[in-house]
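Structure first, commentary second.
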Amino acid sequence: MEYNFSEIEKKWQKTWEDNGAYTVSNESDKPHYYVLDMFPYPSGAGLHVGHPLGYIASDIYSRYKRLQGFNVLHPMGFDAYGLPAEQYAIQTGQHPEKTTNTNIARYIEQLKKIGFSYDWGRMVRTCDPEFYHWTQWAFVQMFHSYYDTTLQKAQPIAKLVERFEADDPNWKNLTEKEQQERLMPYRIAYLADTKVNWCPALGTVLANDEVSEGLSVRGGFPVEQRIMRQWCLRVSAYAGRLLEGLDHINWTESLKETQRNWIGRSEGAEMNFNVRRKDVQCTKDGEKDEFQMTIFTTRADTIYGVTFMVLAPESEYVARVTTDEQKAEVEAYLDRCRHRTERERIADRRVTGVFTGSYAINPLTNAEIPIYVSDYVLAGYGTGAIMAVPAHDSRDYAFAKHFDLPIVPLIEGADVSEQSFDAKEGRMINSGILNGLEVPEAIQRMKEYITNTGIGRVKVNYRLRDAIFSRQRYWGEPFPIYYKDGMPYTLPEECLPLQLPEIKEFKPTANGEPPLGHAQVWAWDEQKKQVVDKALIDNQTVFPLELCTMPGFAGSSAYYLRYMDNHNSEVLVSREANAYWQQVNLYIGGTEHATGHLIYSRFWNKFLYDLGLIVSDEPFQRLVNQGMIQGRSNFVYRLIGSRNTYVSANLIENPEYKDKVQPIHVDVNIVHNDILDTTAFRAWMPEFKDAEFIYSDGTTDVDNPYFGSPCEKQYICGWAVEKMSKSMFNVVNPDDVIAKYGADTLRLYEMFLGPLEMSKPWDTNGIDGVHRFLRKLWNMYEAPIDREPTREELKSLHKLIKKITWDVENLSFNTSIPAFMIAQSELSALGCNSRQILEQFAILLAPYAPHIAEAMWHRCGNETFVIDASWPVCNEAYLVEDSQKYPVQFNGKVRFTFECPKDTPKEEVEKLVLAHEETAKYLAGNAVKKIIVVPGRIVNIVM
RNA sequence: GCCCAGAUGGCGGAAUCGGUAGACGCGCUGGUCUCAAACACCAGUGGAGCAAUCCGUGCCGGUUCGACCCCGGCUCUGGGUACCA
């Protein structure tokens, strides 16, 4: 019977669905295992063959774990909020919900065809009110919490209120508004005036990870800096724990390293410098002519080389140190900084800055040093002020050279005439009490000194910033927040979810409010506890609601918890469900989320953990990044100057064509093995209708009497590996592959392409080999019979069991496919029809190619599903060989092999080799200096 | 600039513990079948050489009886990051 993959796949997909084969229960005696895919954003373009790579890998692992006796949670859902749907809505007027749901339906259809073992009953969509209920709820918890730096965990804000009541006798005299203002900067979710990445084209702020090189990651629009009052999440409070936690999770070292760099811990010191304003003699507004400025440095040892100070333009010190004389110049500089976009700043690396007119006093040398303002110092890091040591910091060096400031070397032998010496090594000179010490000792010594003398203190700083959580957008989760007397209040928990209102226009309002400003019924009635018309706002009982929505990462930060218990309407996840599943055991997804989603969800998870709501401190125990599947593009070469003539790729280096052709992308679907289907090409686009070709043999259509008819002439296309995208005409749709070869072939081929973690190009050409293998395998299941398997059959099978088990455990799926092929060909050569063998083979294949394996399993006479079988165990006894083959090397070069009985003692092997007839030939009269015998491996004769 | 990966035939890749480099698949070449083509099947296929042999895992050097694998120094490609004091 022929391998009719399409019939087999349809039949079993339906049977599995009808029988709920992949439905997972939270109640089981089996051990639990949770395998998660990063859920996709459902784009309008649908899936291409690159998307399912990680899903196939995780599906294989899930099915394997289930066969090993685990109760496996393997869900799928959709990251449904996002900018593209909203941009599309602005352009076309289509409601983003509508396009999103259409796209989701298409994704589900495509995913189902591939035969994943998802429990679709657990699906979540972040735009579903039942889901974002819990996103809003978590935000409310964050609003009502603060980070206790002593306990190093989040605590209810009520505890802070208690402390204020106890410690501050004035607290109870404050008005409600004053109290709220006082609490605000402590909340984990707080409102603050922050310098944000404002994207005018998108009309919204963006997170750091949504901006690249001063342009928005989505759309590539310019981004500028702006101060805005925004919701923020205090991620930075968790910096230490986020860093430390990396040591206890099984992620790739490179990903952990990326996170470590992003968190950016640096151990240093804060130091106080006295500042003298020479133009101010008396106190002004209670401010004396002398005050202290605090700076942060990791090189306390270099204090003797400080020749100037630099403030960030946004530093609050700037106003205090600027003298009347310098005021105009400083103001002009600040103004210039404010108006530069992020991109301009990055593009323009010239040194800029301005003198403030004031001087600081070096606390160790008492030297007067000038204070400058420059935008190379960042306001958000440390204290926004630095001590500049031009000899040992390249940025300070460039500044000093530009403004002609002194450069004092502090390390013996360092030549600072051309560039600074930044390395933290060497012996200190010109450094008072530090002279003669090595740099690390000097840093330590100076830290002790400043601590003891009160000049400063040891301090740890993190690069990690708080996350800005407001988006001036429609298609996101509304904040469950209303404003009373200008202060935010949360909706009562029982009123959640606050549903996203319907609006007709998705652009900002005429007066610049976010799109939610268009919503008419968008006010909160505190007494009725419901959303009412905003015409009713009286600021007594009816108040305005927040107009911003939450960012993309809000919905993806805890979705893995919701899968555990996605129908629970009482809580995010029940204690029982969470206690059973614990955490994600294996998470597979792209590396592009290294500093966004994977930081935010770890933060979110730790917050919920602090509140005692979940059992695990980390969300994802093991994490693997799948590589990207790149496209393999094809080109035709248009002869420049010709009307419509194309030169075959093998000719373009010929002198007559060299540098006279222009490559043009051609649809990979009309190219086979780099040979262009010229008829299809002429039909592809009107402009190619009259295309003429110079074929691989140099002839043209004019030479060909049968113009346009099939002939032996071939037009060879060029190719290149590029991103898979529509514009490159190299997109391959899984639906097409499945229609032609079946889902099982697609799954095997995706794995066969190469190691999961590596990027690799998709080339459909190789897929036939994998398909042929399945066909040959299918033919072996014609008539399985019950009989004792032979020793050879068992050996072949158990070799396979061992190999596949190792591969799956190590996520080395690509090496399994050849193992299956080899086993198939061995068993086929043995004429194997033993039911016992074939049955076991089917189980091994089931994670990789579930449909054909199910059909094979049933052909062996089974009535159950193959997924409910047990994973075979390798019996080493079948693998033992009677004899041992030894490669024999002479001076490390293999010359011949010889065979002897297994377990021949080392000395005996040595004797046998030396007595071997070939040995004398290769010794060629030379004496044997040494002979190395590695039992079971190799023999090497040194002469 | 800094950090992290990677580099093996015409192509994707294998070699899992330092022990026969190139498994498996594609492509290509030759053959069988066919009126012919497609499919299928069989054989060959790293390079040079008639051969014996020699050369070969980005480059240079080292360790070792033996190195794709370990160490030192580079080159190139991909990804991340961007003045973090």
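All values below come from the heavy atoms of this structure, side chains included, with hydrogens, waters and symmetry mates left out. The chains referred to below are lettered A, B, ... by the order of the sequence lines, with proteins before strands, and numbering in each begins at 1.
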Taking a pair as Watson-Crick or G-U wobble with both distances under 3.5 Å, which nucleotide is matched to B:rU81?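 Answer to the pairing question: B:rG1, which forms a Watson-Crick or G-U pair with B:rU81.
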Mind checking the CZ-CG spacing from A:Arg632 to A:Asn765? Nearest 0.5 Å is all I need.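 The CG atom of A:Asn765 is 6.5 Å from CZ of A:Arg632, to the nearest 0.5 Å.
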For [X] and [N], is the shortest distance between a side-chain N/O and OP1 or OP2 below 4.0 Å?
X	N	value
A:Arg772	B:rG25	no
A:Lys893	B:rA21	no
A:Tyr381	B:rA82	no
A:Arg775	B:rA40	yes
A:Arg895	B:rC54	yes

Mind checking [X] for me? I need base, sugar-phosphate or nothing, with any heavy atom below 4.0 Å counting as a touch.
X	answer
A:Arg350	nothing
A:Thr252	nothing
A:Asn940	base
A:Asp807	base
A:Val377	base
A:Arg632	nothing
A:Tyr3	nothing

Got a sec: does the CD of A:Glu809 have more than 12 other heavy atoms crowding it under 6.0 Å?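 Enclosed: over 12 neighbouring heavy atoms sit under 6.0 Å from CD of A:Glu809.
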Does A:Lys902 have more than 12 heavy atoms from other residues, nucleotides or ligands lying within 6.0 Å of its NZ?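 Yes - once you tally the heavy atoms of other residues, nucleotides and ligands closer than 6.0 Å, there are more than 12.
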Pairwise 5' ranking along RNA chain B for A:Lys760 and A:Ile767, keeping only the more 5' one: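 With A:Lys760 and A:Ile767 compared, the 5'-side residue is A:Lys760.
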Euclidean distance, atom [atom1] of residue [X] to atom [atom2] of [N] [Å, nearest integer]:
X	N	atom1	atom2	result
A:Asp301	B:rA85	CG	P	14 Å
A:Leu748	B:rC24	CG	P	17 Å
A:Phe896	B:rA52	CZ	P	17 Å
A:Asn261	B:rC3	CG	C1'	5 Å
A:Asn197	B:rA82	CG	P	10 Å

Using side chain to side chain donor-acceptor pair (under 3.5 Å) as the criterion, list what pairs up with A:Gln259, not counting sequence neighbours.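 Residues passing side chain to side chain donor-acceptor pair (under 3.5 Å) with A:Gln259: A:Arg602.
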Given B:rG6, B:rU20, B:rC41, which nucleotide is nearest the side-chain atoms of A:Lys776?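 Looking only at side-chain atoms, A:Lys776 lies closest to B:rC41.
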Measure from the side-chain heavy atoms of A:Pro818 and tell me the nearest of B:rC24, B:rC55, B:rA85.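 Between B:rC24, B:rC55, B:rA85, the one nearest the side chain of A:Pro818 would be B:rC24.
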Is B:rC76 in the syn or the anti form, by the rule that syn lies within 90° of 0?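 Anti for B:rC76; the angle lies over 90° from 0.
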Using the ring centroid of each side chain, check whether A:Tyr741 and A:Tyr749 are separated by less than 6.0 Å.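 Ring centroids of A:Tyr741 and A:Tyr749 are no less than 6.0 Å from each other.
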Establish whether the base of B:rG79 is bridged to the side chain of A:Glu592 by a donor-acceptor pair shorter than 3.5 Å.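 Side chain to base: no pair present.
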Minimal non-hydrogen separation, A:Leu879 against A:Lys799, with atom names: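 So the two residues come closest at CD2-N, 3.4 Å.
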